[in-house]
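Structure first, then comments.
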Amino acid sequence: MTRLGILLSGRGSNFLAIADNIAAGSLTNCEIAVVISNKADAPGLDAARNRGLTAVAIEANGRKRAEHDAEIIATLRAHQVDYVILAGYMRLLSPGFIQAFPQRILNIHPSLLPAFPGLDAQQQAFDYGVHVAGCTVHFVDEQLDHGVIITQRTVPVLDTDDEPTLARRILTEEHIAYSEAIAKVISGKYEISGRRYIRKK
Ligand code: GRF
């Protein structure tokens, strides 16, 4: 059974979608070992506790990033986590963190990367005037929103949209995309080839 460690900072709707898919049996062969937030008041942390999952707040409290990350790494290791799932974790990871879990950290970003990395991706896409938007699940490397792409899902941008309606449409796809990506990774049937994530021959 593959053990997932979830990192979040906020509402945790992507975490909940993953937890729901595991509970429903549509995402198999994995379990959530621990949910960690850098914010003690993150709604996602309460949601995890309500589901009987182990939920831990590890606040930075002015500590250096490497020091804070070391405590998170220790907690992930203590729970024997195989894959780290960033689900709205609003903090950059130190290089040491990324090296501690090589090709084992996944992130979801609400744009079709490499377009619109960074904050407010949906607003960036809307303002740019794209006709197709979407989300990306990717491996985390040392550059922001840059690692090898595992899966993407697209949505149309409608004439009647504003940023909130577009963001909601993207979020619905995020909730599908993350479980699809996790299933792909833990299947063991795919490999990284350059920048591509392709089925093993
Ligand atoms: C999502 O839009 C995700 O793509 C981005 O942060 C947001 C987190 O939302 N990385 P939630 O906490 O999962 O609801």
Inset, instruction - Flag the pair Tyr89 / Ile36 as yes when at least one side-chain heavy-atom distance between them is below 4.5 Å, and no otherwise. - result: no
Inset, instruction - Any chance you could measure His109, atom NE2, to Leu144, atom CG, to the nearest 0.5 Å? - result: 7.5 Å
Inset, instruction - With side chain to side chain donor-acceptor pair (under 3.5 Å) as the test, would you mind laying out the steps for Ser9 and Asn38 before giving the verdict? - result: CA-CA 6 Å; Ser9 304; Asn38 63 320; 2.7 Å; yes
Inset, instruction - Could you tell me the separation between the OG atom of Ser94 and the CD atom of Gln99, rounded to the nearest 0.5 Å? - result: 8.5 Å
Inset, instruction - Can you see which heavy atom on Leu166 is nearest to which on Val155, and at what distance? - result: CD1-CG2, 4.1 Å
Legend entry - N/O donor-acceptor pair under 3.5 Å between Gln124 side chain and Pro117 backbone: yes
Inset, instruction - Spell out, as yes or no, whether a donor-acceptor pair under 3.5 Å connects the side chain of Asn61 to the backbone of Arg63. - result: no
Legend entry - Over 12 foreign heavy atoms within 6.0 Å of NZ, Lys64: no
Inset, instruction - Answer yes or no for Arg77 and Phe101: cation-pi contact, defined as NZ/CZ to six-membered ring centre under 6.0 Å and angle to ring axis within 45°. - result: yes
Legend entry - Heavy-atom pair of closest approach, residues Leu106 and Tyr83: CD1-CD2, 4.1 Å
Inset, instruction - Taking all heavy atoms of Ile73 and all of Gly96, pick out the closest pair and write down the distance. - result: CD1-O, 4.2 Å
Inset, instruction - Please report the closest heavy-atom contact between Phe15 and Gly44, naming both atoms and the distance. - result: CE2-O, 3.6 Å
Legend entry - Atom pair CG (Leu171) and SG (Cys135), whose distance is rounded to the nearest 0.5 Å: 9.0 Å
Legend entry - Distance, nearest 0.5 Å, that separates NE2 of His131 from CG of Leu158: 11.0 Å
Inset, instruction - State whether Asp20 and Arg51 are salt-bridged, where the test is any N-O pair (Lys NZ or Arg NE/NH1/NH2 against Asp/Glu carboxylate O) under 4.0 Å. - result: yes
Inset, instruction - Enter the distance from His146:NE2 to Asn107:CG here, rounded to the nearest 0.5 Å. - result: 13.5 Å
Legend entry - Test item: Ile32 and Thr54 side chains (from C-beta on) under 4.5 Å apart, heavy atoms: no
Inset, instruction - Over all heavy atoms of both residues, which pair between Thr154 and Glu173 is shortest? Give the atoms and the distance, please. - result: O-CG, 4.2 Å
Legend entry - Check: Thr136 side chain, Gln152 main-chain N or O, donor-acceptor pair, under 3.5 Å: no
Inset, instruction - Examine distances only and state if a side-chain atom of Arg104 and a backbone atom of Asp82 form a donor-acceptor pair shorter than 3.5 Å. - result: yes
Inset, instruction - Following the transitive rule for hydrophobic clusters with a side-chain heavy-atom cut-off under 4.5 Å over Ile, Leu, Val, Met, Phe, Trp and Tyr, establish whether Leu113 and Phe116 coincide in one cluster. - result: no
Legend entry - Close side-chain approach of Ile150 and Tyr190, heavy atoms under 4.5 Å: no
Legend entry - Check: Glu174 side chain, Arg153 main-chain N or O, donor-acceptor pair, under 3.5 Å: no
Inset, instruction - Look at the side chain of Asn21 and the backbone N and O of Ile18, then say whether any donor-acceptor pair between them is shorter than 3.5 Å. - result: no
Legend entry - Heavy-atom closest pair, residues Arg65 and Leu92: NH1-O, 2.9 Å
Legend entry - Salt bridge flag under 4.0 Å for residues Glu59 and Lys39: no
Inset, instruction - Might you confirm whether atom CZ of Arg195 has over 12 heavy atoms from other residues, nucleotides or ligands at distances under 6.0 Å? - result: yes
Inset, instruction - Would you kindly confirm whether Leu112 and Phe126 end up in one hydrophobic cluster when ILVMFWY residues are joined by side chain heavy atoms under 4.5 Å apart? - result: no
Legend entry - Side-chain donor/acceptor of Ser37 to backbone N/O of Ala57, under 3.5 Å: no
